[in-house]
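One structure is given below, encoded as C-alpha coordinates.
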Amino acid sequence: MAPKISVIIPLYGTFDSERVYISIDSLKNQKNVNLEISVVEQSDSQRLYELKNITYMHTKPILSHDKFLIPGLVRNLAIKNSR
(Lines give C-alpha, C1' and ligand atoms only; values in the text may rest on other atoms or scores of the structure.)
Protein backbone atom coordinates (compact mmCIF):
# COMPACT_ATOMS: atom_id res chain seq x y z
CA MET A 1 0.00 0.00 0.00
CA ALA A 2 1.18 3.52 -0.76
CA PRO A 3 2.33 5.71 2.12
CA LYS A 4 -0.43 7.64 3.82
CA ILE A 5 -0.84 11.26 2.75
CA SER A 6 -2.48 13.68 5.15
CA VAL A 7 -4.62 16.41 3.61
CA ILE A 8 -5.45 19.24 6.00
CA ILE A 9 -8.44 21.48 5.26
CA PRO A 10 -8.39 24.48 7.60
CA LEU A 11 -11.59 26.53 7.70
CA TYR A 12 -12.06 29.89 9.37
CA GLY A 13 -14.14 32.99 8.88
CA THR A 14 -16.78 32.69 6.20
CA PHE A 15 -16.57 29.77 3.80
CA ASP A 16 -18.83 28.02 1.32
CA SER A 17 -19.68 24.71 3.03
CA GLU A 18 -20.94 23.22 -0.26
CA ARG A 19 -17.51 23.79 -1.82
CA VAL A 20 -15.89 22.09 1.16
CA TYR A 21 -18.10 19.01 0.70
CA ILE A 22 -17.31 18.96 -3.04
CA SER A 23 -13.57 19.16 -2.27
CA ILE A 24 -13.81 16.31 0.24
CA ASP A 25 -15.74 14.15 -2.25
CA SER A 26 -13.08 14.85 -4.88
CA LEU A 27 -10.32 13.81 -2.47
CA LYS A 28 -12.18 10.61 -1.54
CA ASN A 29 -12.50 9.69 -5.23
CA GLN A 30 -8.74 9.69 -5.88
CA LYS A 31 -7.44 6.32 -7.03
CA ASN A 32 -4.34 4.54 -5.72
CA VAL A 33 -3.80 7.08 -2.94
CA ASN A 34 -3.89 6.30 0.77
CA LEU A 35 -5.41 9.51 2.12
CA GLU A 36 -6.15 10.79 5.57
CA ILE A 37 -8.40 13.86 5.40
CA SER A 38 -8.56 16.24 8.35
CA VAL A 39 -10.87 19.23 8.56
CA VAL A 40 -10.47 21.78 11.32
CA GLU A 41 -13.00 24.57 11.60
CA GLN A 42 -12.40 27.75 13.60
CA SER A 43 -15.75 29.46 14.18
CA ASP A 44 -18.23 30.48 16.85
CA SER A 45 -20.56 27.63 15.89
CA GLN A 46 -20.00 24.40 13.99
CA ARG A 47 -21.10 24.60 10.35
CA LEU A 48 -20.05 21.21 8.95
CA TYR A 49 -21.77 17.96 9.87
CA GLU A 50 -21.80 14.31 8.82
CA LEU A 51 -18.21 13.97 7.65
CA LYS A 52 -17.84 10.20 7.28
CA ASN A 53 -14.28 8.82 7.44
CA ILE A 54 -12.92 12.32 8.00
CA THR A 55 -11.10 13.61 11.05
CA TYR A 56 -13.05 16.69 12.08
CA MET A 57 -12.24 19.22 14.79
CA HIS A 58 -14.02 22.41 15.76
CA THR A 59 -12.49 25.18 17.83
CA LYS A 60 -13.69 28.58 18.90
CA PRO A 61 -11.93 31.48 17.19
CA ILE A 62 -8.37 32.05 18.33
CA LEU A 63 -7.62 35.74 18.06
CA SER A 64 -4.39 37.70 18.10
CA HIS A 65 -3.92 40.61 20.50
CA ASP A 66 -5.31 42.93 17.78
CA LYS A 67 -8.45 40.75 17.27
CA PHE A 68 -7.50 39.00 13.99
CA LEU A 69 -8.01 35.26 13.48
CA ILE A 70 -4.84 33.19 13.71
CA PRO A 71 -5.24 30.50 11.01
CA GLY A 72 -1.79 29.04 11.63
CA LEU A 73 -2.83 27.76 15.06
CA VAL A 74 -5.76 25.92 13.51
CA ARG A 75 -3.54 24.32 10.87
CA ASN A 76 -1.07 23.28 13.54
CA LEU A 77 -3.87 21.69 15.57
CA ALA A 78 -4.89 19.60 12.56
CA ILE A 79 -1.31 18.58 11.81
CA LYS A 80 -0.72 17.63 15.45
CA ASN A 81 -3.74 15.28 15.29
CA SER A 82 -2.89 13.74 11.91
CA ARG A 83 -1.23 10.35 11.59
Side-chain angles (χ1 to χ4, degrees):
M1 183 178 286
K4 186 172 267 189
I5 297 171
S6 295
V7 177
I8 309 295
I9 303 173
L11 302 172
Y12 52 92
T14 58
F15 59 88
D16 181 349
S17 56
E18 189 60 33
R19 270 184 117 170
V20 174
Y21 291 124
I22 290 169
S23 297
I24 290 170
D25 287 341
S26 176
L27 287 166
K28 286 181 172 182
N29 288 324
Q30 299 301 306
K31 305 287 187 226
N32 302 318
V33 179
N34 186 12
L35 284 179
E36 169 192 36
I37 303 170
S38 296
V39 175
V40 62
E41 178 183 353
Q42 181 179 191
S43 62
D44 287 323
S45 60
Q46 184 176 344
R47 291 182 52 201
L48 297 180
Y49 298 95
E50 298 298 319
L51 298 169
K52 264 187 155 179
N53 301 318
I54 302 292
T55 302
Y56 174 81
M57 292 167 276
H58 176 263
T59 182
K60 294 288 183 185
I62 303 168
L63 303 175
S64 67
H65 67 282
D66 49 359
K67 306 291 186 214
F68 289 102
L69 286 173
I70 305 175
L73 293 177
V74 175
R75 293 180 189 122
N76 290 341
L77 175 65
I79 291 167
K80 181 180 177 183
N81 287 291
S82 68
R83 297 176 199 189

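This chain uses plain numbering: 1 for the first residue, then up along the sequence. Here the structure is a predicted model, which means the values were calculated and not measured.
Minimum heavy-atom separation, E41 to R47: OE2-N, 2.9 Å. Shortest non-hydrogen contact noted between M57 and A78 is CE-CA, 3.6 Å.
Here the side chains of H58 and S43 are in contact, with some heavy-atom distance below 4.5 Å. With contacts defined as side-chain heavy-atom distances shorter than 4.5 Å, the pair V40/S38 does not qualify.
Atom-to-atom distance recorded for K52:NZ and I37:CD1 is 14.5 Å, nearest 0.5 angstrom. Note that CG of N53 and NZ of K28 are 5.5 Å apart. Values are rounded to the nearest 0.5 Å. From I9, atom CD1 reaches atom OG1 of T55 across 11.0 Å, with rounding to the nearest 0.5 Å. Note: L35 CG to I24 CD1 = 12.0 Å, rounded to the nearest 0.5 Å.
Judged by distance alone, with hydrogens and angles left aside, the side-chain atoms of S23 form a donor-acceptor pair with the main-chain N or O of R19 at under 3.5 Å. In this structure, the side chain of K60 engages the main chain of D44 through a donor-acceptor pair within 3.5 Å.
In the hydrophobic cluster analysis, where Ile, Leu, Val, Met, Phe, Trp and Tyr join through side-chain heavy atoms closer than 4.5 angstrom, Y56 is grouped together with Y21. By the criterion of side-chain heavy atoms lying less than 4.5 angstrom apart, applied directly or through intervening Ile, Leu, Val, Met, Phe, Trp or Tyr residues, V7 is grouped together with L51 in one hydrophobic cluster. Under the 4.5 Å side-chain heavy-atom criterion for grouping Ile, Leu, Val, Met, Phe, Trp and Tyr, F15 is connected to V39 within one hydrophobic cluster. Cluster membership for L27 and I54, using ILVMFWY side-chain heavy atoms within less than 4.5 angstrom, is shared.
Residues satisfying the side-chain hydrogen bond (donor to acceptor under 3.5 Å, both in side chains) criterion with S6, sequence neighbours excluded, are E36.
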